[in-house]
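These numbers come from a predicted model, not from an experiment. Here is the naming used below: chain letters follow the sequence lines, and residue numbers restart at 1 for every chain.
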Amino acid sequence: MNYDPKTTELKWQKIWEDDRAFEASCDHSKKKYYPLIEFPYPSGSGLHVGHPRSNTALDIIARKRRMEGYNVLYPIGWDAFGLPTENYAIKTGIHPKKVTEQNINRFRAQLKRLGFSFDWSREVNTSDPAYYKWTQWIFLKLFERGLAYKAEIPINFCISCKVGLANEEVVDGVCERCGSEVIRKVKSQWMLKITEYAQRLIDDLDNVDFIEKVKVQQRNWIGRSEGAEVDFKIFNSDLAIRVYTTRPDTMFGATYMVIAPEHPILNKLQDSILNMAEVEAYRQEAAKMSDFERSELVKEKTGIELKGVKAVNPATGMPIPVWVSNYVLMGYGTGAIMAVPGHDERDWEFAKKFNLPIVEVVKGGDVLQAAFVDTASGMMVNSGFLDGMDVKEAIPAMIDWLEGKGIGKRKVNFKLRDWVFSRQRYWGEPIPLIHCEKCGWVPVPESELPLELPDISDFMPSDDGSSPLARAEDWVKTVCPKCGGAATRETDTMPNWAGSSWYFLRYTDPHNQNELASKEALDYWMPVDWYNGGMEHTTLHLLYSRFWHKFLYDIGVVSTPEPYMKRTSHGMILGENSEKMSKSRGNVINPDDFVDELGADSFRLYEMFIGAFDQPIPWSTQGARGCRRFLDRVWRLREMLTGEKGIRPDMMSEVHGTIKKVSEDYERMKFNTAIAAMMSLVNAFYNKGDVTADELHTLLVLLYPVAPHIAEEMNELIKNPVPLYRTPWPTWDESALVKSLIELGVQVNGKVRGRIEVSSGLDNKSIEEAALGCEEVLPYIEGKTVKKVIIARNIVNIVISG
RNA sequence: GCGGGUGUGGUGGAACGGCAUACACAACGGACUUAAAAUCCGUCGGGGAAACCUUGCGAGUUCGAAUCUCGCCACCCGCACCA
């Protein structure tokens, strides 16, 4: 009988399901393990070959942990709100709810076909009112604590689609959908104060086991810097411009100031500015530009001096000019800088262009030729009381001096900005707030949650960029929960990052009607033990969810400050031409076709064998066929069974070596070498010509996490009464790994010249004799003086002179 | 520009500082077939008579370097006027 994946795979999927083999137990006395993959966004194009790479990896871990005796929660769900579904609805007129349902059904079927050991009884769906009730609840808690606030900020607006776009939808400065210009439009938006958690989001990275790459990227994104805020007085005025600087020590070299075009002091100074018309023109020019255009103009700096206005350098007491330039950003620091052209490349470039004075304050370069910026340490000059100090002493000395005078203070700044939480879209969680003329923003009472999305039929955003919900007048008009007067609902919805910021909590207790999850379930299951996902989520989902989790920790909902103990990341699977897979490139591999032809086990096996798990890798259908070939070879081992029992002595070392290698490599995510080791074991059986039932059983147990269907089927065929999903993970016997004879390479001056075979316990002196007597080595050492012989674990090196 | 990663056969890739190229893919040869596919067995870095050369390039440390150090080069991924 040949191996037939179609019937075998369905057969075992049904057995596992009927036996509820992978459902997490509510028995909290057992040790637990919680592996997690990023729940998929059920897009219209179906499962991508990238999903199974992550899913299979943690499926291997989940199955292995069950065999090791853990109570395992390996859940699955749907990140179901989002723009592509809504855009599809606009195009076709089909309700996003309907589209989502269809897509989920397709995804579910595809995932089930691949035989992942998910606990399907705990499936969650972020667009289900029973779920988003709690997303809204968390938002209200944030609102209660002042962490959600409304602000006027610019959003991306497509002039052709007349729609507000999320940042993700702006590609190279144009609208992703229609390719036309995206401008900035100031709108009132709900914001979340993630910046309040910036320091903790950095600090707590020290307490989690994330791959270094992720930690580094999060730290850079949060962008902490230490420095000082200092007030620069306006000459002949009560006004001052506050700047932020990380290098207060260089203040004696500040020969001018620059403020951002949006800086509010321009309005206050307008009567003193002699060239206000010109300044206003520059300002308007800057305002018209998109962020993209602004950053495109990096090469050529522009700016304009405020004529009639001078600021006073507090260090030197000298008046210095004030310029406006868009190389200073309103969104970082104070929107104003002191310019030190001698020691900052941007300031230097600007000073050169506009002929501003350049002063050296740290010795070591030639500031007339280039900015001298390599100043981690160095001697201060031209700097009054700082002269002669090292930069390292000068920084605190200057801050002390500023604080003493009351014109400056220490300040930590972050690049991280608050999270823009509003979308003018239909297919998202309604923001549960009501606006009352009298009472302001009032939360929807908890008892009225979930605030459900009204059923509408026109999802097209309005011309003015407001949400389609704004047209659902019956829904919008409501009464104020506080005063009972007429009021209106917020019509913006939440971004799709909302539902994914806490879904891993819901898995612990997905059907709870009274809480987002019970405290007992949370305390037992959290934190997630191992979370694998894409690098592209490092600065969005991963950061957002850590923020929400910390907030929930602060209000006592969860008991751990961090949601995830361990975070790993898989490399992307590229097309056969080594380019990113995409419809437009025509190099997309459809998992369904593959599974039809070669089966789910081959697919899983290949995705794990393809290469190092954390590296991007091109797909090769030929290579994948090789994996099916391997499974066929395993299948035929049944025909080679001897009547013998146990593991034969001459196979002990090979079999136990494989148990060790596979066990260790699975944990290190070195799936490719684990599979290679199993291939070698199979080759060894073939070379021997036969295999015992126990030897084969060991192989099947090791193979089961990667290729569970074929492993279970063969296990049954060799009359093993216990299915593999109930079999304990094997241990290896270190003493079995020791071979009686070992082969040593023999080097002469580091080059391999021969090899010897010795018994494993042999003393060094005898090994040395054997090596010196080795026939292939003799010609190299004849007539030479042997200086010494180095004996290492598996090599002997003879060092000769001359 | 800054940060991170990668560089090994025709290809994907192995290799605690210790016999470079495991395991596969492709290719080639053989067996079995009327034939093909499948399967099984074998060859497979370069150079060749040997010597020898070979882990992007160049130095260094070491008895010994793909691996460690320094300096370059190329490609990939983030971030980017962050004061």
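- Note that CD1 of A:Ile610 is 11.5 Å distant from CG of A:Leu605, once rounded to the nearest 0.5 Å.
- Looking only at atom types and distance, the side chain of A:Gln747 has no donor-acceptor partner in the side chain of A:Arg753 under 3.5 Å away.
- Qualifying ring-ring contact (aromatic ring centres under 6.0 Å, His included) partners for A:Tyr686, counting only residues two or more places apart in sequence or in other chains: none.
- On the C1' atoms, B:rC52 is 23 Å away from B:rA59, given to the nearest whole Å.
- Looking at heavy-atom distances under 4.0 Å, A:Ile798 makes no contact with the nucleic acid at all.
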Kindly give the atom pairs (protein nitrogen or oxygen, nucleotide nitrogen or oxygen) under 3.5 Å for nucleotides 3-8 of chain B.
| residue | atom | partner | partner atom | Å |
| --- | --- | --- | --- | --- |
| B:rG3 | O2' | A:Asn220 | ND2 | 3.4 |

Per-nucleotide protein contact string for nucleotides 19-24 of chain B (B base, S sugar-phosphate only, - none; heavy atom under 4.0 Å): BS-BBS
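- The distance between atom CD of A:Gln622 and atom C1' of B:rG10, rounded to the nearest whole Å, is 14 Å.
- By the side chain to side chain donor-acceptor pair (under 3.5 Å) test, A:Arg628 is found to be paired with A:Asp632, residues two or more places apart in sequence or in another chain being considered.
- With both ends at atom C1', the span from B:rG71 to B:rA26 equals 39 Å, rounded to whole Å.
- Distance A:Ile222 CD1 to B:rG78 P: 19 Å, rounded to the nearest Å.
- At whole-Å resolution of the value, NE2 in A:His537 and P in B:rG78 are 13 Å apart.
- Nucleic acid contact for A:Ala612: sugar-phosphate only, since backbone atoms but no base atoms lie under 4.0 Å from a heavy atom of the residue.
- Comparing A:Val796 and A:Lys788 by the nucleotide of RNA chain B that holds the closest heavy atom to each, the one mapping nearer the 5' end is A:Val796.
- Distance A:Phe232 CZ to B:rA83 C1': 12 Å, rounded to the nearest Å.
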Return a table of donor-acceptor pairs under 3.5 angstrom between the side chains of residues 616-623 of chain A and protein atoms on other chains or two or more places apart.
| residue | atom | partner | partner atom | Å |
| --- | --- | --- | --- | --- |
| A:Trp619 | NE1 | A:Thr621 | OG1 | 3.0 |
| A:Ser620 | OG | A:Gly623 | N | 2.9 |
| A:Thr621 | OG1 | A:Glu576 | OE2 | 3.1 |

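- Remark: the A:Lys787 side chain and the B:rC63 base include no donor-acceptor N/O pair separated by less than 3.5 Å.
- Rounded to whole Å, the distance from OH on A:Tyr780 to C1' on B:rC63 is 18 Å.
- With sequence neighbours excluded, the residues satisfying ring-ring contact (aromatic ring centres under 6.0 Å, His included) with A:Phe671 are A:Phe613.
- Electrostatic pairing of A:Lys409 and A:Glu229 counts as a salt bridge here, judged by a charged N lying under 4.0 Å from a carboxylate O.
- A:Arg247 and A:Thr375 are linked by a side-chain donor-acceptor pair at a separation below 3.5 angstrom, with hydrogens and angles left out of the test.
- Distance, A:Glu262 CD to B:rC81 P: 14 Å, rounded to whole Å.
- Classification of B:rG9 as syn follows from a glycosidic angle within 90° of 0.
- The listed nucleotides are B:rG18, B:rC79, B:rU39; the one nearest the side chain of A:Trp221 is B:rC79.
- Here A:Ser54 pairs with A:Ile37, A:Asn532, A:His570 under the side chain to side chain contact (heavy atoms under 4.5 Å, CB included) rule; sequence neighbours left out.
- Across the interface with RNA chain B, nearest-nucleotide mapping of A:Glu345 and A:Thr334 shows A:Glu345 to be the residue nearer the 5′ end.
- Within the 4.0 angstrom heavy-atom criterion, only backbone atoms of the sugar-phosphate kind lie near A:Arg753; the bases stay farther away.
- The side chain to side chain contact (heavy atoms under 4.5 Å, CB included) search around A:Glu734 returns A:Lys660, A:Trp732, A:Leu737, not counting sequence neighbours.
- Nucleic acid contact for A:Ile790: base, since at least one base atom lies under 4.0 Å from a heavy atom of the residue.
- Here A:Lys215 lies out of heavy-atom contact (under 4.0 Å) with every strand.
- By the ring-ring contact (aromatic ring centres under 6.0 Å, His included) test, A:Tyr197 is found to be paired with A:Phe547, residues two or more places apart in sequence or in another chain being considered.
- Atom C1' of B:rG18 sits at a distance of 12 Å from the matching atom of B:rU62, rounded to the whole Å.
- Atom P of B:rA35 sits at a distance of 13 Å from the matching atom of B:rG30, rounded to the whole Å.
- Between B:rG9 and B:rU21, the two C1' atoms lie 7 Å apart (nearest whole Å).
- Applying the ring-ring contact (aromatic ring centres under 6.0 Å, His included) test to A:Phe630 and every residue at least two apart in sequence or in another chain returns nothing.
- In this entry the distance linking CZ of A:Arg668 with C1' of B:rA15 reads 11 Å, nearest Å.
- Applying the side chain to side chain donor-acceptor pair (under 3.5 Å) test to A:Asp763 and every residue at least two apart in sequence or in another chain returns A:Ser766.
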Using Watson-Crick and G-U wobble pairs whose two distances are both under 3.5 Å, how do you write the pairing of RNA chain B as dot-bracket, with | for links to another strand? (((((((..(((.....[....))).(((((.......))))).((.....))..(((((..]....))))))))))))....
